There are 4 protein chains.
Amino acid sequence: MPRPSNTAERRTQITQGFIKIMAKRGYDGASIGDIAKAARLTAGLVHYHFKSKHEIRLAALHDLVAQHGERLEARIAQTKGDPIIELDALIDFHLGLGANADPEALACWILFSGEALRDTRVRSAFAKALASIARRISMVIRQGVAQGLFEGPSPDAAASALVATIQGYFVLAATSREVIPRGSAADCAKQMMTGLLHPARPLGRSQGRT
Amino acid sequence: MPRPSNTAERRTQITQGFIKIMAKRGYDGASIGDIAKAARLTAGLVHYHFKSKHEIRLAALHDLVAQHGERLEARIAQTKGDPIIELDALIDFHLGLGANADPEALACWILFSGEALRDTRVRSAFAKALASIARRISMVIRQGVAQGLFEGPSPDAAASALVATIQGYFVLAATSREVIPRGSAADCAKQMMTGLLHPARPLGRSQGRT
Amino acid sequence: MPRPSNTAERRTQITQGFIKIMAKRGYDGASIGDIAKAARLTAGLVHYHFKSKHEIRLAALHDLVAQHGERLEARIAQTKGDPIIELDALIDFHLGLGANADPEALACWILFSGEALRDTRVRSAFAKALASIARRISMVIRQGVAQGLFEGPSPDAAASALVATIQGYFVLAATSREVIPRGSAADCAKQMMTGLLHPARPLGRSQGRT
Amino acid sequence: MPRPSNTAERRTQITQGFIKIMAKRGYDGASIGDIAKAARLTAGLVHYHFKSKHEIRLAALHDLVAQHGERLEARIAQTKGDPIIELDALIDFHLGLGANADPEALACWILFSGEALRDTRVRSAFAKALASIARRISMVIRQGVAQGLFEGPSPDAAASALVATIQGYFVLAATSREVIPRGSAADCAKQMMTGLLHPARPLGRSQGRT
DNA sequence: GATGAATGAGGCTTCATTCAT
DNA sequence: TATGAATGAAGCCTCATTCAT
């Protein structure tokens, strides 16, 4: 009569702990001991649930991406149907008011971009995540084009540009907030997309700031 | 009678070695031994010229920023006078053909954004560098506005947006190149700036790609 | 289910190893590796049980003092009641026959006096130990005074003088034995205390030597 | 036409610097660099004048002892003739007012006692110094005995006891001053010597303190 | 599942000493 | 004499990982 498995629980505990520590000290600075402490577990147990530190990193990245995806879909779900509003919501979601409510996730995301440079598996997970968002945006744009709301050459290029802008604003927000005039991020991003897509109706004023 | 000082040379040797290694393995992954080897020196000597690894990191960041600044100015020098051409050149410099001729510097730059999250001195140097570029761009925009070539609300916000876009493209280029349709970066950035500034004349077609 | 803790054992193992090595090579000369070897452990494990080399030093000093205290009390316990005999025993314990049966402890004690000069925590532990012995002696003297066996001004001063003499003989014994005429230490100390306290009965002839 | 040698000068500069640093950080803690800085020289030059760090240590000990000897003789010179006054002066010199005017020398002396434990040459120099003082004291006592001023068994034992007491007070003064009641050291030492030598006239009240 | 001991490798740094100038 | 560069050897400590219980 073995005790019921709690591996799933433990694994999230651990990845959450990992994220907390990594946000503060970076990947190499996050020792298994620290992670364990943050997860209120012991170091030995961490290795019972994960084969190696590297696996924790991958799992954490996975969690981060999954959570982001869910939240994004939740936010956009309400806008189904109108590409302009959807694009608008998408930008606000990333750059509008309260966009960076989760600074640890933001920090980790930036750190993962660095990890992607030296680890193949991180790179591919990271790239996949970016590609997925780009695809999501591209889809919206295509719909807009199909409905005659947008014009412009390549939806993929435009999507890619928006992803880049968002990613860049993330970096600025996390490292050099003072470079971003208060509240300008979402608005500027929208105007930039206007330049790319010439929408039939203007993208809405942002109700927030970054 | 004493041996002439060669500290300056040695220090650049070391920071260059550091950059090479850090690009490949990250900051923590760059051991003093590796750095020394890359600089063709002994590990002990590295500490003779730098008080600590951290100092090397700061010096390397400093070098990187200085070099970028010089190259940027050299590129823009030829365009003096016309804000539109200057903005154009500025975008091409960062995102146009051959923009990423120095992949090691690019990788380090991204890694430094991560380091900025956990180290105050890196953060301030990094932020200062970004701010300096933003200021540079802002100046150009102001000139354009003064000459009636640009219109639009805040030059600072627009500059910040361009910096974000460039930074974001850097990340994509280094980690997820496949997300950027070939050659779209500079063009998209220009169209985005068009959306922000409504230039009297169109920003030029890019002659390159990212 | 977990392995039972053996930290206490390990810690004494380590402090004992430390004392052995320190006696031979001094504090700085006692490398963690050497200490580990002397304790038949690995270097890594030493740091598992002690946060730093400095903590080992403090623990060792603590052990040394505790052991000395126990032995002293054991020796004196038999004399309870008669201050003269107790003082006599106290001197014999420190300077009489077989007093320096533990040359490693003696060496470490002297080395600790040096360490006390540059480390606050060592100093305070060292001073506390000396003060405790002085207090012990002072108490005996007060009893003697109360019983009309001793006369003389300050019991504290006399106690302090005896502590100094003992400490000084320790140094001589460990570094310059030839300066001490065979067997003279305890006897001289007793006559010196006679000069200070004018005891009703003479302090006994020592049965040993230093 | 070689420049005039300044080796002697330099060597004292260096030993003085050494003493300053060693007093603060111990022998191992005194790096050649620190010593050089304290002597306002460069590290390389230190090795030009001394073959090794160890030689500096010996030279410094030698200087210390020489200086102590000179000062002691100067102080005692005035008392020539009367053993009681001379003994008195000798005790005051070591334990009386202003005795520890040179705390660096005191600290080094204590540290040297530790070094003596692990280095043969230090030990022999240290022991020689102690023996020399003991001999000096012994001489005075013998004179006193010859003049019928002192009585008691072994002048050597008494001398040794006084040396021990002084040395012990040094340790207490440097590490645990609070254990010594203000001003009691010299007085107690004198009464102790009274106990050992039964002088015809009392040893004088000390005019100082320790 | 869980704990805590244990290992062994490796990293940063310090430093005495040597050497070219 | 004097300087400052250079070397190479340790040393302390951290840590991912394994293992006995």
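As the structure is a computational prediction, the values presented were derived from the model and not from experiment. Quick note on labels: first sequence line is chain A, next is B, and so on, each numbered from 1.
- With sequence neighbours excluded, the residues satisfying ring pair (Phe, Tyr, Trp, His ring centres under 6.0 Å) with A:His68 are A:Phe93, A:His94.
- Between C:Phe112 and C:Phe18, the two ring planes are tilted [angle within 30° to 60°].
- Closest of all the heavy-atom pairs between A:Val171 and B:Ser113 is CG1-CB, 3.9 Å.
- Within the 4.0 Å cut-off from OP1 or OP2 of F:dG4, not a single side-chain nitrogen or oxygen of B:Thr7 is found.
- Near-neighbour residues of DNA chain E inside residues 57-64 of chain D, defined by a heavy atom below 4.0 Å, are absent.
- Where B:Leu45 and C:Thr42 meet DNA chain E, the nucleotide closest to each residue was compared, and C:Thr42 sits on the side nearer the 5' end.
- In this structure, C:Asp119 and C:His54 have side chains that are in contact, with non-hydrogen atoms separated by less than 4.5 Å.
- At most 12 non-hydrogen atoms from other residues, nucleotides or ligands lie less than 6.0 angstrom from NE2 of D:His62.
- Atoms OG and CZ, on B:Ser176 and A:Arg123 in that order, are 8.5 Å from each other to the nearest 0.5 Å.
- Counting heavy atoms from C-beta outward, C:Gln67 and C:Asp102 have side chains that approach closer than 4.5 Å.
- With sequence neighbours excluded, the residues satisfying ring pair (Phe, Tyr, Trp, His ring centres under 6.0 Å) with B:Phe126 are B:Trp109.
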Under a 4.0 Å heavy-atom criterion, the protein footprint on nucleotides 9-15 of chain F, written with B, S and -, is ---SBBS
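- For B:Ser5 and F:dA5, the shortest distance from a side-chain N or O to OP1 or OP2 is below 4.0 Å.
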Please, what dot-bracket string fits DNA chain E when only Watson-Crick and G-U pairs with both distances under 3.5 Å count, crossing ones use [ ] and pairs to another strand use |? .||||||||||||||||||||
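- Sorted by first then second residue, the salt bridge (Lys or Arg N to Asp or Glu O under 4.0 Å) pairs that include residues 7-21 of chain A, not counting sequence neighbours, number zero.
- Distances shorter than 4.0 Å separate some side-chain N or O of A:Asn6 from OP1 or OP2 on E:dG1.
- For F:dA2, the OP1/OP2 oxygens have a side-chain nitrogen or oxygen of D:Arg10 closer than 4.0 Å.
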